Peer 1: 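My questions will all concern the structure given below.
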Amino acid sequence: MDKKETFDRIEYVVACVGAFAQRYKLSNPQAYAYLRRFTGIDFLLDCYAAEHTLSIDDAVSDLQVLCSRKGGKI
């Protein structure tokens, strides 16, 4: 993975965490901790090739479903 792809992935994850925080009225650190605990961050990184082609709103919805399946209550 080159520097540009690494930067793009980081930027995408940051955008998704921010959008997740905004949708569920959390702070960015709270959203990050929740997504980390319930494997949402891993999902974004592992499925970046497909997920980044969707809208951020779709990605946030996917994160909510995934985290719920892993025990999250949001």
Side-chain angles (χ1 to χ4, degrees):
M1 184 176 346
D2 66 4
K3 285 184 181 182
K4 169 117 173 69
E5 186 175 349
T6 300
F7 179 80
D8 289 346
R9 285 177 185 237
I10 292 168
E11 190 175 54
Y12 178 72
V13 170
V14 168
C16 288
V17 169
F20 190 90
Q22 189 172 26
R23 182 182 291 183
Y24 296 107
K25 309 221 183 322
L26 304 169
S27 69
N28 285 340
Q30 287 173 322
Y32 177 80
Y34 178 86
L35 293 171
R36 192 81 182 140
R37 180 175 179 193
F38 297 108
T39 71
I41 300 295
D42 294 334
F43 168 75
L44 289 174
L45 294 172
D46 293 344
C47 300
Y48 173 78
E51 281 295 312
H52 88 280
T53 64
L54 304 173
S55 71
I56 295 292
D57 285 338
D58 287 343
V60 170
S61 296
D62 290 347
L63 287 168
Q64 188 278 324
V65 169
L66 173 79
C67 291
S68 290
R69 290 181 184 165
K70 301 288 184 167
K73 301 297 183 195
I74 293 178

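Note that this is a predicted model, so its numbers are computed, not measured.
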Peer 1: What I'd like to find out is whether the side chain of V17 reaches to under 4.5 Å of the side chain of V13, using heavy atoms alone.
Peer 2: yes
Peer 1: Would Y24 end up clustered with L66 when hydrophobic side chains under 4.5 Å apart are linked, directly or stepwise?
Peer 2: yes
Peer 1: According to side chain to side chain contact (heavy atoms under 4.5 Å, CB included), who are the partners of Q22, at least two apart in sequence or on a separate chain?
Peer 2: none
Peer 1: What residues, two or more places apart in sequence or in another chain, satisfy side chain to side chain contact (heavy atoms under 4.5 Å, CB included) together with R37?
Peer 2: none
Peer 1: Looking at every heavy atom in both C16 and L44, which two are closest together, and how far apart are they?
Peer 2: CB-CD1, 3.7 Å
Peer 1: Residues in salt bridge (Lys or Arg N to Asp or Glu O under 4.0 Å) with D42, at least two apart?
Peer 2: R36
Peer 1: Can you tell me how far the CG atom of N28 sits from the CG atom of L35, to the nearest 0.5 Å?
Peer 2: 10.5 Å
Peer 1: Return each pair, listed once, that meets ring pair (Phe, Tyr, Trp, His ring centres under 6.0 Å) where at least one residue sits in residues 51-74; pairs must be two or more places apart or across chains.
Peer 2: Y48-H52
Peer 1: Give every residue pair that meets the side-chain hydrogen bond (donor to acceptor under 3.5 Å, both in side chains) criterion with at least one member in residues 59-68, sequence neighbours excluded.
Peer 2: R23-S61, Q64-S68
Peer 1: Sort and list the pairs that fulfil salt bridge (charged side-chain N to carboxylate O under 4.0 Å, His left out) and have at least one residue in residues 63-74, not counting sequence neighbours.
Peer 2: none
Peer 1: Among residues at least two apart in sequence or on other chains, which ones pass ring pair (Phe, Tyr, Trp, His ring centres under 6.0 Å) with Y34?
Peer 2: F20, F38
Peer 1: I'd like to check the side chain to side chain donor-acceptor pair (under 3.5 Å) partners of S27; sequence neighbours left out, ordered by chain and number.
Peer 2: Q30
Peer 1: Which residue pairs satisfy the side-chain hydrogen bond (donor to acceptor under 3.5 Å, both in side chains) criterion with at least one member in residues 7-19, sequence neighbours excluded?
Peer 2: K4-D8, E5-R9
Peer 1: For L26 and A31, work out which heavy atoms get closest and say how close.
Peer 2: CD1-CA, 4.0 Å
Peer 1: Suppose clustering is done on Ile, Leu, Val, Met, Phe, Trp and Tyr with side-chain heavy atoms closer than 4.5 Å. Which residues sit in the same group as V14?
Peer 2: I10
Peer 1: For residues 54-74, which residue pairs pass the ring pair (Phe, Tyr, Trp, His ring centres under 6.0 Å) check, not counting sequence neighbours?
Peer 2: none
Peer 1: Please determine whether residues I74 and V60 belong to a single hydrophobic cluster, defined as Ile, Leu, Val, Met, Phe, Trp and Tyr linked transitively by side-chain heavy-atom distances below 4.5 Å.
Peer 2: yes
Peer 1: Can you list the residues that meet the side chain to side chain donor-acceptor pair (under 3.5 Å) rule with S55, with sequence neighbours excluded?
Peer 2: D58
